[in-house]
Q: 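I'd like to ask you about the structure that follows.
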Amino acid sequence: MAKTQVELIADDLRTNQDLAPLASQGNLAVVSAYYHLHTGQVEILNGAPA
């Protein structure tokens, strides 16, 4: 459930009227990620730049 919430918030940020132009120009990357407390690992869920 937490991962789904993170992805929903990232999607909202990508369509934000102020942030969307920056993202479409490649000047901003909105990346959704999940931090695993037990391992300290960060799992990139969506939006990582290529």
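All heavy atoms count here, side chains included; hydrogens, waters and symmetry mates do not.
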Q: Can you confirm whether Gln5 sits close enough to Leu8 that some side-chain heavy atom of one is under 4.5 Å from a side-chain heavy atom of the other?
A: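 Yes, their side chains come closer than 4.5 Å.
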Q: Which residues pass the side chain to side chain contact (heavy atoms under 4.5 Å, CB included) test with Asp12, sequence neighbours left out?
A: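 If we apply the side chain to side chain contact (heavy atoms under 4.5 Å, CB included) test to Asp12, skipping adjacent residues, there are no hits.
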Q: Residues in side chain to side chain contact (heavy atoms under 4.5 Å, CB included) with Val6, at least two apart?
A: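 Result, side chain to side chain contact (heavy atoms under 4.5 Å, CB included) vs Val6: Ser32, Leu45.
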Q: Go through the steps to decide whether Arg14 and Asp11 satisfy the test side chain to side chain contact (heavy atoms under 4.5 Å, CB included), and finish with yes or no.
A: CA-CA 5 Å; Arg14 286 185 195 99; Asp11 289 342; 2.8 Å; yes
Q: What salt bridge (charged side-chain N to carboxylate O under 4.0 Å, His left out) pairs are there with at least one residue in residues 29-43, not counting sequence neighbours?
A: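 Residue pairs passing salt bridge (charged side-chain N to carboxylate O under 4.0 Å, His left out), neighbours aside: Lys3-Glu43.
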Q: Cut-off 3.5 Å, no hydrogens considered: what does the side-chain donor-acceptor table look like for residues 16-23, sequence neighbours left out?
A:
from  : atom 1 : to    : atom 2 : distance (Å)
Asn16 : OD1    : Asp18 : N      : 2.7
Asn16 : OD1    : Leu19 : N      : 3.1

Q: Rest of the hydrophobic cluster containing Leu37 (Ile/Leu/Val/Met/Phe/Trp/Tyr, side-chain heavy atoms under 4.5 Å)?
A: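 Val31, Tyr35, Val42, Ile44, all in the cluster of Leu37.
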Q: Could you work out, with ring-ring contact (aromatic ring centres under 6.0 Å, His included) as the rule, every residue matching His36, not counting sequence neighbours?
A: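 Scan of His36 (ring-ring contact (aromatic ring centres under 6.0 Å, His included), adjacent residues dropped) gives Tyr34, His38.
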